[in-house]
Amino acid sequence: MANYNSLNAPHQQGPYGSGDPYYNESSGFITPHPTPKRRTSNWIKFGVPVLVIVIIAAVVGGVVGSRKSNKNSSSTSGSDNANTGDPVAAASSAASVKLALGRFATATDSEFMVPIYPSTTNSAAFTTPTFVGSSNAKIAWPADPFKPSSPNVLTTRPDRPRLIAPAYKWQALPNLIKNDPYLQGWNATIFGNATAYFNLPPVVYFMDNSSGILDNAREVKMRIKAFAYAYRMSNDTKWVDRAWIEIANAAGNGTTVFGPEVDRWNNQHFLDTAEFSAAYAIAYDWLYDMWSDLQKSQMRTTLIKYGLQPGATVFAGTSNFGWWSENTTGNWNCVCNGGLTLAALAILEDDTTGIAQSLLGSTVDNAKQNCALAVADDGTWAETANYWYFGTTGHAEMASALITATGSDYGLLDSNTNFFHTGQFHMYAYGPTSLFNYGDHGPNKYSTTANSLFLYAQHYTQPAYSLFQREQADAAEPWSMFWYDPTVSGAFWDGQPLDHFFDNALDQWASMRSSWTDQSALFVAIKAGMNSNHQTHNDLDAGDFVLDALGTRWAGELGSADYNAPGYFNSGAQDSDRWKYYRKMTEGQNTILINRANQNVNNAPTIKHDSSNTVQGSSTVLSIPGDSTAFWTSDLTSSYSDATSVKRGVRLLNARRQVLLQDEVNAQQGVQWRMHTNATVVTDGTRATLSIGDKTMQVSILNAPDGASFTKSDAVRFQTDPTPPIPDQENPGVTVLIIDLPAGTYSLQVLFNPQWPGMSASDFVTPPSVGLDSWSLTSHN
């Protein structure tokens with residue numbers, strides 16, 4: 001099956017030649033790591049380019065009880081479990097239950113990398129999300145001994161490490177690992193990844209034009225985190241030596257050339273600079289006691305030259321690459337400020353130039369004014385659901401490092417009072433197979449994950465965020481080991497509504513499903529929203545939707561086009577070259593196309609919606625009430641130039657087993673309904689049969705207008721389309737299901753019937769024809 005959202009393949013690494021790094025005046029490096037001092041120690045990530053990890057956990061079962069009623073269990077419960085009178089006893093019990101059960105998810109699907117849950121009820125474990133109040137050392141982090149009376153960004157904790165994982169957490173971690181199956185699994189995976197990276201050559205410099213050397217920077221950061229973690233948990237100095245090879249290589253002192261000497265970290269694409277700076281900060285701080293004074297001096301020299309000094313010119317207003325510091329609320333501001341902050345905190349007292357101190361006087365306030373505002377009041381990340389990963393990782397790293405190094409985040413976590421909703425955005429953007437991955441998805445993620453949810457779960461007292469993320473394949477990396485609160489208890493799905501509507505005018509989208517824990521569940525996500533103000537990462541896609549059922553995605557997204565394509569990022573204006581590329585134009589979306597033209601950039605749709613408010617209970621097996629439904633409608637008229645009215649609505653039918661998509665159009669030019677699918681498509685008039693493997697979806701046009709029928713085509717542009725600057729990327733394996741209609745007024749109803757096992761033709765319903773403005777929870781009963 002073709003992958004709708006395939007990330008670019010990792011760049012091939014060159015051959016690794018033997019030989020030591022040698023002295024270079026500009027970087028200050030002279031030798032590889034010498035025979036290190038030994039010190040006392042207290043004892044695979046998703047998307048990894050060298051290792052695919054499948055989560056294996058104990059099968060949850062055995063304890064079967066009655067399924068909870070559909071209560072609305074709050075996910076904002078406090079730290080004490082209200083169901084127990086003795087918090088310490090409850091904590092001991094929780095630790096025992098965790099070890100007996102293992103992980104809730106029994107595996108990770110090899111195709112989509114989503115958790116697979118057992119079909120079972122466990123009333124002892126699948127309970128209300130909460131943090132168990134306790135002083136029990138088996139499962140609780142100890143209190144931080146560093147408590148400055150007046151936190152100051154220029155006053156750092158006296159011991160090392162100071163960034164994200166202070167010494168007291170390293171000391172507590174072995175005991176916590178013994179008592180938590182998630183920490184046990186992640187620890188093993190991190191060591192597995194570190195071993196795999198150890199045997200690879202150092203990251204080879206590769207300039208990818210619009211994405212710069214960002215993949216290189218993130219891969220170096222990912223490796224450094226793994227090597228430093230492995231050393232601190234094993235006391236094996238081979239990890240320090242291997243980290244040094246990577247550090248020296250990124251300074252231009254490896255066995256192959258690493259960029260131009262004047263600008264090795266590519267300041268013009270400052271994300272690259274920031275991620276290299278963060279990597280150096282982690283190496284400098286986490287392995288501080290293992291470096292010689294000469295090595296630390298060499299690292300500072302490189303970090304200041306290629307990272308902090310260029311950062312200082314940004315805030316001085318003298319650079320030509322600092323656009324991200326002004327009125328930029330997307331991932332750039334978070335990542336750039338985050339990398340500079342980690343680096344400045346790491347070397348603060350050792351820096352004789354004063355540049356670290358100066359930067360800390362700028363980055364924190366700038367991030368509060370920009371990065372912290374990237375989350376809308378409904379929690380949606382303004383760019384795309386994929387860029388959420390980059391932005392929240394930078395935000396969480398910066399906040400965590402400030403807290404551990406200085407005792408305060410200085411308002412970064414709370415200056416946007418709605419930031420806490422962003423965990424909900426991420427959870428609801430995920431369907432049974434993958435994200436509602438509209439718009440651009442960015443370069444390879446490497447060290448970027450969704451593990452910011454662990455930090456946010458603690459800070460905002462949202463245990464469901466942590467319970468959701470701990471089951472995901474990308475949870476197994478070093479940040480999780482320190483952001484995860486092992487006192488979290490319960491199941492994220494217990495009391496979790498099946499539907500959620502995000503109403504901020506910028507995005508306006510809906511998420512509706514039949515289960516949180518059934519991989520075969522029905523899932524529909526649909527959006528309206530503005531076609532502008534998304535950091536030029538959006539598509540012209542009002543009305544776009546995705547559809548999952550039977551464990552696969554039937555209506556999907558094409559994702560990013562070629563980031564290096566001319567004009568791709570130059571402008572979001574109506575005449576931009578960006579909108580000439582198939583994957584970005586309206587033609588490449590699952591929506592209505594009128595006159596074969598792009599939607600208006602300056603649109604302003606309106607929406608309405610409702611839900612039966614069905615929530616999942618304790619069990620992973622959910623019995624859906626017959627009247628359970630949800631619907632979402634939007635007036636998309638402002639998105640089109642050749643139409644008097646365009647409205648689109650979607651609703652769940654028949655106990656969430658069928659989907660109705662309805663369009664009401666009054667257009668002066670030809671109308672085309674389009675849906676992209678990986679399925680094999682057979683059309684027969686007003687019916688289409690979609691097949692993926694042994695799964696089948698029946699699609700029907702109801703109350704068909706005259707001449708309405710299904711056709712299909714490859715996912716390629718019309719010959720009459722404006723010619724893009726370079727040829728489009730191909731979309732192999734993708735078919736477009738199409739309905740063509742001439743100019744006129746239409747009510748077009750399309751019914752999706754997944755062919756569920758054990759469900760006969762008579763079990764499906766044919767909904768009545770009801771105008772969108774008259775839709776209600778009972779309008780289709």
What's the verdict on salt bridge (charged side-chain N to carboxylate O under 4.0 Å, His left out) for D728 and R717, showing C-alpha distance, side-chain angles and the deciding distance?
CA-CA 8 Å; D728 271 315; R717 66 177 45 251; 2.7 Å; yes
Mutual orientation of the aromatic rings belonging to F545 and W673 [parallel < 30°, tilted 30-60°, perpendicular > 60°]
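The arrangement is tilted - the two ring planes meet at 30° to 60°.
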Taking the six-membered ring for Trp, are H269 and W332 parallel (under 30°), tilted (30 to 60°) or perpendicular (over 60°)?
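If you compare the ring of H269 with that of W332, the planes turn out perpendicular.
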Are [X] and [Y] linked by a side-chain donor-acceptor pair shorter than 3.5 Å?
X    : Y    : answer
D440 : H537 : yes
N564 : D208 : yes
E587 : Q589 : no
D474 : Q469 : yes
S760 : D763 : yes
Q508 : D503 : no
N386 : T384 : no
T380 : N504 : no
T614 : S628 : yes
W388 : T422 : yes

By side-chain contact (heavy atoms from CB on, under 4.5 Å), which residues pair with T393, not counting sequence neighbours?
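Listed in chain order: E397, T448.
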Those residues that, when tested against P432, pass side-chain contact (heavy atoms from CB on, under 4.5 Å) (two or more places apart):
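P432: side-chain contact (heavy atoms from CB on, under 4.5 Å) contacts with A521, F523, D548.
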Taking the six-membered ring for Trp, are [X] and [Y] closer than 6.0 Å centroid to centroid?
X    : Y    : answer
F468 : Y465 : no
H534 : Y387 : no
W493 : Y117 : yes
Y582 : H676 : yes

Could you measure the distance from the [atom1] atom of [X] to the [atom2] atom of [Y]? Nearest 0.5 Å is fine.
X    : Y    : atom1 : atom2 : result
I738 : L593 : CD1   : CG    : 9.5 Å
R578 : L540 : CZ    : CG    : 8.5 Å
N590 : L547 : CG    : CG    : 9.5 Å

Tell me, which pairs form a side chain to side chain donor-acceptor pair (under 3.5 Å) where one or both residues lie in residues 638-654, sequence neighbours left out?
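Pairs touching residues 638-654 that pass the test: N595-D642, Q599-Y640, N600-S641, N603-S639, T644-Q668, K647-D773, R648-D663, R651-S779, R651-H780, N654-R657, N654-Q658.
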Tell me, please, which residues at least two apart from Y563 pass ring pair (Phe, Tyr, Trp, His ring centres under 6.0 Å).
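With neighbours one apart ignored, the set is Y568, F569.
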Just jot down the ring pair (Phe, Tyr, Trp, His ring centres under 6.0 Å) partners of H500, sequence neighbours excluded, or say none.
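Ring pair (Phe, Tyr, Trp, His ring centres under 6.0 Å) list for H500, sorted by chain: Y428, F502.
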Going by an N to O cut-off under 4.0 Å, is there a salt bridge joining D541 and K527?
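Looking at K527 together with D541, the answer is yes, because their closest N to O distance falls below 4.0 Å.
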Output yes when a side-chain donor or acceptor of T328 lies under 3.5 Å from a complementary backbone atom of G330, and no otherwise.
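Such a contact is absent between T328 side chain and G330 backbone.
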Any donor-acceptor pair under 3.5 Å linking the side chain of W381 with the backbone of G391?
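A pair under 3.5 Å: no.
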Set out, in order, the CA-CA distance, both residues' side-chain angles and the distance that settles salt bridge (charged side-chain N to carboxylate O under 4.0 Å, His left out) for R656 and D499, then state yes or no.
CA-CA 11 Å; R656 298 175 182 261; D499 312 313; 2.7 Å; yes
Taking distance alone, no hydrogens or angles, what donor-acceptor pairs closer than 3.5 Å link side-chain atoms of residues 698-709 to residues at least two apart or in another chain?
from : atom 1 : to   : atom 2 : distance (Å)
Q698 : OE1    : T689 : OG1    : 3.1
S700 : OG     : R687 : NH1    : 3.4
N703 : ND2    : Q749 : OE1    : 2.3

Checking F425 against H421 for the ring pair (Phe, Tyr, Trp, His ring centres under 6.0 Å) test, could you report, in this order, the C-alpha distance in whole Å, the side-chain angles of both residues, the deciding distance, and whether it holds?
CA-CA 7 Å; F425 163 68; H421 288 304; over 10 Å; no
